[in-house]
Amino acid sequence: MKAQNTRVVDYGGDALAEAARLIRAGEPVAVPTETVYGLAADATNAKAVARIFAAKGRPAFNPLIVHVRDLAEAERLGVFSEEARALAVAFWPGALTLVVPVREDSGLAAAVTAGLATVALRCPAHPAIQALLAAAGRPLAAPSANASGAVSPTRASHVLASLGGRIPMILDGGPTQRGLESTIVAVAGGTVRLLRPGPISFDDIAAFASGVGSQASGDGRIEAPGQMRSHYAPAKPLRLDATSASADEWLIGFGAVEGDDNLSPAGDLAEAAARLFDALHCADAQRRPRIAVAPIPKEGIGLAINDRLGRAAAPRT
Ligand code: TXA
Ligand code: MG
């Protein structure tokens with residue numbers, strides 16, 4: 001892949017017009033969402049989608065999430081059962097991705113779904129990607145804007161460190177609010193299965209849809225094709241449930257476990273989720289060769305935090 005100049009541009013009218021021009025020309029652009037930064041490209045253009053896979057070094061079997069402006073656009077791409085529609089109405093725009101049967105006439109590039117009969121759809125809440133969707137006038141495929149297997153980016157500087165030289169532009173909208181990738185559920189007819197825990201908890205989902213199956217995550221099974229056990233990996237070894245650190249460890253604290261850094265001194269799980277990936281990026285940049293992380297309660301969004309930490313600690317395969 002030829003090295004290119006990556007421009008980081010503050011989000012605003014001019015930046016948006018330039019980003020939309022690049023999207024229409026089939027180029028990928030990094031853009032903030034409320035979860036993490038995404039690497040967006042025209043989901044209907046096979047060459048544009050191929051550039052996402054090339055820039056990330058992403059294996060071709062791993063399908064992409066397609067971002068849409070609203071439920072009406074989503075229903076032109078996928079088939080919505082009553083349950084799927086109820087969830088979209090309850091949580092969109094927001095941090096929920098729905099995997100539903102793909103429409104034959106969706107017009108999506110084949111690589112987006114990696115040959116599956118389903119498509120992952122999300123209507124994001126962040127104004128930057130909403131404005132880009134409106135300006136580009138087409139659905140945007142957008143995985144997290146990091147090299148495949150690395151920690152997801154929650155700041156423009158994380159994107160630049162991971163994909164600088166490989167993409168033309170990063171829209172800088174500041175740090176993302178949620179900090180963890182969207183919750184993914186598969187809706188097949190009347191059944192709802194959790195594929196990836198995230199900011200919207202399984203209990204929240206169960207309140208809005210019948211047919212919710214037992215929580216599938218955490219038992220090591222690969223549900224979404226991209227959910228490899230070792231994923232979101234920092235460059236250094238990582239130890240979980242640490243209440244103190246050895247001399248060669250950088251301790252990421254939580255609550256009363258103070259640490260060198262602290263995800264949330266007040267013990268607030270939403271704050272910890274928002275800070276998690278930045279803390280991992282920051283720990284990677286320290287001199288100390290190892291990372292330790294304080295225990296995080298396994299409740300609410302803490303389940304998603306523990307899911308990401310478990311993957312970050314798993315040996316790379
Ligand atoms: O918050 C998010 O979801 C972010 C922002 C940018 O929207 N995106 C994101 O994309 O996390 P990515 O590519 O890093 O993760 C998408 C996950 C992958 O594990 C992929 O395998 C899964 O979604 N996925 C995509 N299409 C699928 C499908 N049809 N069936 C099952 N899993 C699917
Ligand atoms: Mg990712």
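None of the values given here were measured: they were computed from a predicted structure. Both counts, for ligands and for their atoms, begin at 1 and track the order of listing. FYI, side chains are in, hydrogens and waters are out, and symmetry mates aren't considered; it's all heavy atoms of this structure.
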Using 4.0 Å as the upper bound for N to carboxylate O, is an ion pair formed by [Y] and [X]?
X: Glu181; Y: Arg196; result: no
X: Asp172; Y: Arg155; result: no
X: Glu18; Y: Arg7; result: yes

Legend entry - Remaining members of the apolar cluster that contains Val257, side-chain heavy atoms under 4.5 Å: Leu251

Regarding [atom]: of the candidates [options], which has the closest heavy atom?
atom: atom 13 (O) of ligand 1; options: His67, Arg122, Arg58; result: Arg58
atom: atom 16 (C) of ligand 1; options: Ile65, Thr113, Leu195; result: Ile65
atom: atom 8 (N) of ligand 1; options: Ser152, Ala142, Gly38; result: Ala142
atom: atom 15 (O) of ligand 1; options: Glu181, Arg196, Arg178; result: Arg196
atom: atom 20 (C) of ligand 1; options: Asn62, Leu121, Ile129; result: Asn62

Would [X] count as being in polar contact with ligand 1, using the rule that some N or O on each side must be under 3.5 angstrom apart?
X: Ser182; answer: yes
X: Thr33; answer: no
X: Ser144; answer: yes

Which atoms of ligand 1 sit under 4.0 Å from any heavy atom of [X]?
X: Thr118; result: 28 (C), 29 (N), 30 (N)
X: Ile184; result: 17 (C), 23 (O)
X: Leu116; result: 28 (C), 29 (N), 30 (N)

Inset, instruction - Say whether, by atom type as modelled, one donor and one acceptor occur between the side chain of Asp278 and the main chain of Thr154 under 3.5 angstrom. - result: no

Legend entry - Arg288 backbone acceptor or donor facing Lys236 side chain under 3.5 Å: yes

Legend entry - Sequence-distant partners of His158, ring pair (Phe, Tyr, Trp, His ring centres under 6.0 Å), two or more places apart: His281

Inset, instruction - Answer yes or no for Ser148: is there an N/O/S atom below the 2.8 Å cut-off from the Mg ion (ligand 2)? - result: no

Inset, instruction - Please determine, by modelled atom types, if Ser246 and Arg290 share a side-chain donor-acceptor pair under 3.5 angstrom. - result: no

